[in-house]
Protein chains: 2
Amino acid sequence: MSVGSQETYELPAVLPVGSVQDVLAALADPVRLEMVRRMSADGGPVACVRLYDGIGKSTASHHFKVLREAGITERVVIDGQVHQQLRADELEEALPGVVSAVVAATG
Amino acid sequence: MSVGSQETYELPAVLPVGSVQDVLAALADPVRLEMVRRMSADGGPVACVRLYDGIGKSTASHHFKVLREAGITERVVIDGQVHQQLRADELEEALPGVVSAVVAATG
DNA sequence: GGAATAGTTCGATGATCATCGAACTTAGAT
DNA sequence: ATCTAAGTTCGATGATCATCGAACTATTCC
């Protein structure tokens, strides 16, 4: 096992939460907003494949990257499987209420 | 005076506040976010020309339209001059906390 | 009425971006 | 070692969208 015997670990390069502008731009896409909703509902790391429907893997991977670069999510590896996790605490600290209000919105 | 002798009135077709998705898409553009920030800071109707810098009138008018169609703003005519006003109350009711958190964000 | 100012609409242009498929990588299973 | 499954990266394509200038509308001022 090339990463040692840990079963769960973050991948490096967790980026700082971006500007409101960056975060809004990331959430403006319906596919990404749905991903964030699912991560928020789960609360913990979610396997990639459970975060989208109806698009290809490469497209999904692109959206993960956008979310990560905005500092909204991070990658966590669990038993060799990549998961995505919402950085809820960091987001609340950097942009209080923004993501939580968006996720809570019904309309 | 073709509209009668009122000095202040809303233009017709005030649209309902759109979905979170619509609102996020509208706020994702830096020019529009700045417009919303200025309207929020003012609190009341703001003359069009005070809401932007560095872009042409036609571009600004396009952005006003996008904001209006998302239900974020409405047009108010004061003494024959068009103003834009943030629909803060309606936004809070439809999407509690979303716009206020975005505007309050410093980063 | 005519001139000037303020906003909107329209068409065209250029840039940005979501999407796909294919190739590559990594990890686990046989 | 081979096979398979999961993610990522890359290039290309198509659509969406911000921007501009010009033409049009409406309103105020002279």
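For the numbers below, each heavy atom of this structure counts, side chains included, while hydrogens, waters and symmetry mates do not. Chain naming here is simple, since letters A, B, ... match the order of the sequence lines and numbering starts at 1 in each.
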Self-check item: Among D/dA18, D/dT8, D/dC20, the one nearest B/H63 by side-chain distance
Solution: D/dA18
Quiz item: Can you check the B/K65 NZ to D/dC17 C1' distance for me, whole Å?
Solution: 13 Å
Practice problem: Would you kindly give the CD-to-P distance between B/E69 and D/dC17, to the nearest whole Å? | Solution: 11 Å
Self-check item: Of the listed nucleotides C/dT8, C/dC20, D/dT9, the one nearest the side chain of B/Q84
Solution: C/dT8
Exercise. Let me know the distance between CD1 of B/I78 and C1' of C/dT5, rounded to the nearest Å.
Key: 18 Å
Practice problem: Taking all non-hydrogen atoms of both residues into account, name the closest pair between B/G71 and B/V17 and its distance. | Solution: O-CG2, 3.7 Å
Quiz prompt | CG on A/L91 to CG on A/L86, rounded to 0.5 Å | solution = 6.0 Å
Self-check item: Distance, rounded to the nearest Å, where A/F64 contributes CZ and D/dG7 contributes P
Solution: 8 Å
Quiz item: Could you state the OH-C1' distance from A/Y52 to D/dA6, rounded to the nearest angstrom?
Solution: 9 Å
Quiz item: Is there a side-chain polar atom (N or O) of B/R68 under 4.0 Å from OP1 or OP2 of C/dG7?
Solution: no
Quiz item: Rounded to whole angstroms, how far apart are NE2 on B/H83 and C1' on D/dT27?
Solution: 14 Å
Quiz prompt | Listed partners of A/S19 passing side-chain contact (heavy atoms from CB on, under 4.5 Å), at least two apart | solution = A/Q21, A/D22
Exercise. Can you check whether any acceptor in the base of C/dG21 is under 3.5 Å from a donor in the side chain of A/S58, or vice versa?
Key: yes
Self-check item: Point-to-point distance, once rounded to the nearest 0.5 Å, from NZ of A/K65 to NE2 of A/H62
Solution: 9.0 Å
Quiz item: Which residues in residues 19-50 of chain B have at least one heavy atom lying under 4.0 Å from any atom of DNA chain D?
Solution: B/D29, B/V31, B/R32
Quiz item: Roughly, in whole Å, what's the span from CZ in B/R75 to P in C/dA6?
Solution: 17 Å
Exercise. Would you mind classifying the nucleic acid contact of B/H62 as base, sugar-phosphate or nothing, using non-hydrogen atoms under 4.0 angstrom?
Key: base
Quiz item: Looking only at side-chain N and O atoms, does B/T59 come under 4.0 Å of OP1 or OP2 in D/dC20?
Solution: yes
Quiz prompt | Criterion side chain to side chain contact (heavy atoms under 4.5 Å, CB included) on A/F64 and A/R75, from CA distance to verdict | solution = CA-CA 9 Å; A/F64 293 148; A/R75 271 190 288 206; over 6 Å; no
Exercise. Indicate the atoms forming the closest heavy-atom contact of B/M39 with B/V46, along with that distance.
Key: CA-CG2, 4.1 Å
Self-check item: Nearest heavy-atom neighbours spanning A/V23 and A/G18
Solution: CG2-O, 4.2 Å
Practice problem: Among D/dG7, C/dC20, C/dT8, find the nucleotide with the atom closest to the side chain of A/K57. | Solution: D/dG7
Quiz item: Can you check the B/Q81 CD to C/dA6 C1' distance for me, whole Å?
Solution: 7 Å
